[in-house]
Amino acid sequence: MKLFTVGPVEPYPCTRGVYGREIPYFRTAEYSALVESCMLRLGRYLGLEEDGRLLYFAASGTGAMEATVDNLLSPEEDKALVINGGAFGARFCQLLRHHEIPHTAVTLGVGEALRETHLHPFVGQGYTALLVNLHETSTGQLYDIEMLSRFCRENNLLLIVDAISTFMVEAYNMQQHGIDVTIFSSQKGLCLSAGMSFVALSKRALAHRRGRCRCSYFSFGDSLTNMERWQTPYTPAVAIMHELDAMLTYIEEQGGLETWLEGIRNRCRYFRTQAEAAGLSVCRDYPLSNMLTPLLTGSTDAHQLFLQLSKQYDFYVNPCGGELAHSMLRISHVGNLTNADADALIDAIKTLTK
Ligand SMILES: *Cc1c(COP(=O)(O)O)cnc(C)c1O
């Protein structure tokens, strides 16, 4: 089996090894030390300021998105702007609606790129926060962080970034880009099992904490108190923390974050070059991330192709939803994949679409 999916991604041997060992109990000084070490390394990779905080939850990425909305934003005092360019933008809208936070969505059409002019109508309109999935994983569009960050700075908005498929995939730095909140999860850029998600908070975000926090499980207050001793109020995803430690150590041994990002960039570039040379069609309607390639399937039904790849080759790619369900597939370049894997996938697609 080979996972060309965006998450969980094709795993690395270093994380699989965790499950062959004994996993110790967690209310111990040793586990606290493990958490401290992982959090400090992640904080450095994030460019999180010294007095910022990093929290984690036993939940998939959406859990961290909901925790952020619930803890930071209030129905009385906030007005949010959301970039809605696909399924994950729509999810932010759904969460804001559920928590009754006044908001406006900048909704993009299929294939539409986000431009600065999309933001112009919202200057000086009393918005307090901007929520964005920096890479909209459902389409492969990567938004311009410089542009979004400038808009937030000039209009005094809190910048809340869902970097679930950006962090550890693209160059990303909270301080450099004035990012107040970063949401990420275990199964995407970090290449771990699904089930752990994180929220990194700048000093400014910590001060903005004015939501009602109706959900006690996701209370930032309880988490912040517990993290002072590197513990969580409830049972964490202990095994994934061990995977994280193994993965961060592996990345360091391989040359660090820059080398890691370069590996993804090179695999991505190789796939696109080879795919286009083989006559396949890459969607280039908007700026693309290095995480995945949106592949247009032309006269072949994309969903049927997805099923055939899994049944006949044991290759898993991502189908698309909504309007793109029958015309586009998404191919991940994150995870334990090689150029030979890319060649094999392209050959399979060529054979099935002949
Ligand atoms: C994967 C993903 C999520 C979270 O999805 P979960 O299934 O809850 O982990 C959120 N936002 C983006 C941009 C994603 O790629």
Side-chain angles (χ1 to χ4, degrees), residues 3-11 46 55-70 72 80 82-99 103 105-108 114 129-145 148 159-170 172 174 179 181-200 215 217-218 236-237 240 243-244 264 268 286-294 316-322 324 328-335:
L3 299 180
F4 296 93
T5 45
V6 294
V9 302
E10 181 67 26
L46 284 161
L55 304 177
Y56 75 102
F57 300 94
S60 81
T62 308
M65 291 167 78
E66 180 151 22
T68 300
V69 168
D70 197 16
L72 292 190
V82 196
I83 309 300
N84 179 6
F88 294 105
R91 189 167 302 175
F92 259 145
C93 294
Q94 177 201 324
L95 293 169
L96 289 162
R97 214 162 34 240
H98 186 85
H99 291 275
H103 63 280
V106 177
T107 303
L108 304 173
L114 179 72
L130 178 94
L131 293 91
V132 62
N133 321 88
L134 192 53
H135 169 226
E136 175 49 78
T137 322
S138 67
T139 65
Q141 178 165 184
L142 181 68
Y143 302 128
D144 181 350
I145 186 62
L148 293 165
L159 177 50
I160 299 175
V161 176
D162 164 0
I164 291 177
S165 61
T166 318
F167 177 53
M168 304 298 287
V169 178
E170 310 280 342
Y172 186 89
M174 290 181 72
I179 296 164
V181 181
T182 299
I183 297 160
F184 60 103
S185 67
S186 52
Q187 84 275 26
K188 301 269 170 83
L190 286 168
C191 306
L192 314 175
S193 300
M196 190 186 280
S197 55
F198 303 78
V199 182
C215 180
Y217 185 78
F218 285 115
I240 304 178
E243 284 188 28
L244 175 59
I264 296 170
C268 173
Y286 35 75
L288 297 178
S289 81
N290 292 322
M291 168 147 225
L292 67 88
T293 296
Y316 285 82
V317 300
N318 281 104
C320 292
L324 299 169
M328 192 192 275
L329 292 176
R330 293 167 297 145
I331 317 296
S332 171
H333 311 299
V334 172

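Both ligands and their constituent atoms are indexed starting at 1 by order of listing. Not measured: the values here are computed from a predicted model. Count residues from 1 along the sequence.
- The shortest N or O to N or O distance between T137 and ligand 1 is under 3.5 Å.
- Residue contact annotation: E136 has no non-hydrogen atom under 4.0 Å from ligand 1.
- Here the closest non-hydrogen pair linking I164 and S185 is CG2-OG, 3.3 Å.
- If you check each of V161, D162, V6 against atom 12 (C) of ligand 1, the one with the closest non-hydrogen atom is D162.
- For atom 7 (O) of ligand 1, the closest non-hydrogen atom on the protein side is S60 OG, 3.9 Å.
- Partner of F184 under the ring-ring contact (aromatic ring centres under 6.0 Å, His included) criterion, out of Y56, F167, F57, Y172: F167 alone.
- L288 approaches P294 most closely through the heavy-atom pair CD2-CG, 3.6 Å.
- The shortest distance between side-chain heavy atoms of H135 and V169 does not fall below 4.5 Å.
- In terms of heavy atoms, S138 sits closest to G86 at OG-CA, 3.5 Å.
- Those atoms of ligand 1 with a heavy atom of T62 less than 4.0 angstrom away are 4 (C), 5 (O), 6 (P), 8 (O).
- When each atom of ligand 1 is checked for a heavy atom of G61 under 4.0 Å away, the hits are 4 (C), 6 (P), 8 (O), 9 (O).
- Separation of atoms CD1 (I183) and CD (E66) is listed at 11.0 Å; rounding is to 0.5 Å.
- Closest non-hydrogen pair, A194 versus I240, comes out as O-CD1, 3.4 Å.
- Looking only at protein heavy atoms, the nearest one to atom 5 (O) of ligand 1 is R91 NH1, 3.4 Å.
- Scanning all protein heavy atoms for the shortest distance to atom 3 (C) of ligand 1 gives F88 CE2, 3.4 Å.
- Residue H135 approaches ligand 1 through these ligand atoms, each under 4.0 Å from one of its heavy atoms: 13 (C).
- Rounded to the nearest 0.5 angstrom, L134 CG and F88 CZ are separated by 14.0 Å.
- Using a 4.0 Å cut-off to heavy atoms of K188, the atoms of ligand 1 that qualify are 1 (C), 2 (C), 3 (C), 14 (C), 15 (O).
- Closest to atom 10 (C) of ligand 1 among all protein heavy atoms lies I164 CD1, 3.2 Å.
- Atoms of ligand 1 lying under 4.0 Å from at least one heavy atom of M65, given by number and element, are 10 (C).
- Atom CG of residue N84 and atom CG of residue L108 lie 7.5 Å apart, to the nearest 0.5 angstrom.
- Scanning the protein heavy atoms around atom 9 (O) of ligand 1, the nearest turns out to be Q187 NE2, 2.8 Å.
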